[in-house]
Amino acid sequence: MMEINLKRMIKNFQTAQSKCDALGIKLRPHLKTLHRPEYCESLRELGLQQICVSNLTMLSAFLNAGWRDICLAMPCSPHWISQLNDYLADYSCEITLYVDHRDQVVALNGLNQPVNVMIEVDAGQARSGVHWKHESTLLDLIDQLNRSNHHFTGLTSHFGHHYQCENKDEVMSEMAHSMMRILQLKEHLELALNESLPLSVGDTPSFLAMNFFDQVTEIRAGNFLLNDLTMHAKGVCEFSHLACALRSSVISKFDTDLRVVVHAGAVHLSNEKHPDPDVMYGWIGWPSTDFPDAPIAGGKIIELYQEHAVITLPKLAFDRIEIGHELLLFPVHSCLAVDAMSHKQQVTLLG
């Protein structure tokens with residue numbers, strides 16, 4: 001069972017909201033990390049209204065749950081138009097879409113109601129988005145949008161390559177390069193258009209590491225709500241900020257090499273391995289009414305199979321464990337682990 005610690009999640013959100021409030025920046029969390037509306041009600045009770053989702057299934061679920069200001073943070077596929085028209089007809093909502101190609105803008109002409117549209121910019125990840133040097137392409141897209149029935153609402157960029165940084169200093173250095181590219185582009189476009197362009201960015205490593213975001217109007221990070229060992233290993237959050245863990249039972253125990261096996265595998269945690277050999281596939285904690293503030297020192301998942309996780313432990317911890325006992329497994333990547341367990345309908349909220 002995946003457990004989400006509500007107290008920690010709420011504290012993470014409040015810390016993020018306070019940072020944004022102090023900077024005069026709007027916070028629009030990407031809720032792919034939490035995945036389902038029922039896990040987000042405590043955030044709505046705290047005043048959260050503007051969110052991001054990552055696919056049509058999530059968009060439908062959050063609209064059905066009463067959320068009305070939603071960004072679908074993926075380049076818009078022409079195959080989505082019919083379903084988007086259904087949503088716009090069924091709900092009084094404000095939807096924001098991404099584009100990074102002129103064919104997507106043409107496809108948006110098939111929408112029966114106007115929506116907000118942002119142009120995604122690639123600042124170095126080489127995933128989606130218009131390359132930050134391709135100013136003429138961006139100006140052409142802006143012109144297309146301004147001649148459409150839709151509302152061009154600015155630029156957006158996700159600095160996903162910051163996840164490859166090893167530590168906080170490296171994150172901050174890479175963020176400086178990313179922002180230099182985006183702000184240079186923004187300045188050139190604003191001069192050409194003679195107008196100011198809103199800018200939305202979002203990745204958890206830089207959001208947690210940085211205390212200032214020049215000319216940014218909105219933050220769209222999401223992983224900070226739960227955090228994980230990837231964030232902890234970079235030094236951008238404490239272990240006590242980790243707000244999700246998988247509770248799993250011990251099914252085998254081997255005295256010869258202080259090894260236990262639990263019923264949890266890649267289908268529960270994803271198959272993501274951290275490059276740090278001290279992290280591997282995850283850390284271990286003792287179950288309690290609240291999450292521990294520290295892991296079991298020296299304990300880690302060393303192998304991950306479909307439904308088996310092999311854990312090594314120091315002798316004192318190993319001797320405490322019997323077959324049938326439960327352990328908490330802290331994932332390398334919370335987004336993937338919560339998503340996997342949500343599909344299994346095995347997520348519970350603590351607190």
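We're numbering straight along the sequence, starting at 1.
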Determine whether [X] and [Y] make a side-chain contact, defined as any pair of heavy atoms from C-beta on separated by less than 4.5 Å.
X	Y	value
Y163	N223	yes
F254	V261	yes
R68	E94	no
E218	P198	no
M179	V216	yes

Sub-3.5 Å donor-acceptor pair from the side chain of [X] to the main-chain atoms of [Y], do we have one?
X	Y	result
N85	G110	yes
H35	S342	no
T15	K11	yes
R8	L242	yes

| When clusters are formed by joining ILVMFWY residues with side-chain heavy atoms under 4.5 Å apart, either directly or through shared neighbours, do L189 and Y98 land in the same one? | no

| N55: side-chain contact (heavy atoms from CB on, under 4.5 Å) partners, not counting sequence neighbours | T57, M58

| Residues two or more places apart in sequence or in another chain: which of them pass side-chain contact (heavy atoms from CB on, under 4.5 Å) with D276? | H274, D278, V279

| said: More than 12 heavy atoms of other residues, nucleotides or ligands under 6.0 Å from CD of Q184: yes or no? | reply: yes

| Geometric cation-pi criterion, K19 with F213: 6.0 Å, 45° | no

Residues [X] and [Y]: side-chain donor-acceptor under 3.5 angstrom:
X	Y	value
H158	S128	no
N227	H241	no
D228	H333	no

| field | ring-ring contact (aromatic ring centres under 6.0 Å, His included) partner of H232, the single match among W283, F224, F330 | value | W283

| query | Between H308 and Y305, how do the two ring planes meet: parallel, tilted or perpendicular, split at 30° and 60°? | reply | perpendicular

| task | Applying side chain to side chain contact (heavy atoms under 4.5 Å, CB included), run through Q17 and Q14 and close with a yes or a no. | result | CA-CA 5 Å; Q17 187 65 70; Q14 290 174 325; 5.6 Å; no

| message | side chain to side chain contact (heavy atoms under 4.5 Å, CB included), that's the test. Do F62 and C40 meet it? Break it down for me. | response | CA-CA 10 Å; F62 277 89; C40 307; 3.9 Å; yes

| query | Step by step, would you call H161 with S178 a side-chain hydrogen bond (donor to acceptor under 3.5 Å, both in side chains)? | reply | CA-CA 10 Å; H161 50 295; S178 299; 3.1 Å; yes

